[in-house]
Amino acid sequence: MTRIKRGYIARRRRTKIRLFASSFRGARSRLTRNVNQQKIRALVSAHQERGKKKRYFRRLWITRINALIRDNKVYYSYSRLMHNLYKKQLLLNRKILAQLAILNRNCLYMISYEIFK
């Protein structure tokens, strides 16, 4: 029986995976099994970090809004501001409020004084 050599398809697949892991150090970029395991771990971490990124940005926005409110005594606290925003049906999200706090403070002051009335 003649010897059957594997074709180029498996090699092409391994090369593609190695290109993904080319920046990893040591055996993690050279040995096929390690490369496969490391690729799976990297993709899992990337998926988790996408969820964490949303959390971190929300925390950042809340911190920025709260800092401006407490600094200039516009309102007592962030939670009261948000509560009264919803009561007055001014549905501004935290991202927009944080951008207003940085770029256009007067606009945020006007909004808070409207709520306060």
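FYI, side chains are in, hydrogens and waters are out, and symmetry mates aren't considered; it's all heavy atoms of this structure.
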Pairs under 3.5 angstrom only: tabulate donor-acceptor contacts from the side chains of residues 49-58 to other protein residues two or more places apart or in another chain.
| from | atom 1 | to | atom 2 | distance (Å) |
| --- | --- | --- | --- | --- |
| Lys54 | NZ | Arg50 | O | 3.3 |

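- Legend: residues meeting side chain to side chain contact (heavy atoms under 4.5 Å, CB included) with Tyr86, ordered by chain and number and at least two apart, are Met82, Leu91, Arg94.
- Between the side chains of Asn66 and Arg70, at least one donor-acceptor pair of N or O atoms lies under 3.5 Å.
- Of all heavy-atom pairs between Tyr78 and Ile62, the closest is OH-CG1, 3.3 Å.
- Closest approach of Lys88 to Ile115, counting heavy atoms only: CE-O, 3.6 Å.
- No option in Leu68, Ile69, Ile111 other than Ile69 meets the side chain to side chain contact (heavy atoms under 4.5 Å, CB included) test with Leu81.
- Between the Ser29 side chain and the Phe24 main chain, a donor and an acceptor come within less than 3.5 Å of each other.
- One hydrophobic cluster holds both Tyr113 and Leu92 under the rule that ILVMFWY side chains link at heavy-atom gaps under 4.5 Å.
- Considering all non-hydrogen atoms of both residues, Val35 and Arg28 come closest at CG2-O, 3.2 Å.
- More than 12 heavy atoms of other residues, nucleotides or ligands lie within 6.0 Å of CZ in Arg12, so this atom counts as buried by the packing criterion.
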Output side-chain donor-acceptor pairs under 3.5 Å for residues 97-105, partner residues at least two apart or in another chain, one line each.
| from | atom 1 | to | atom 2 | distance (Å) |
| --- | --- | --- | --- | --- |
| Arg105 | NE | Ala101 | O | 3.4 |

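- Screening Arg13, Gln37, Arg14, Arg18 for a side-chain hydrogen bond (donor to acceptor under 3.5 Å, both in side chains) with Thr32, the sole residue that qualifies is Arg18.
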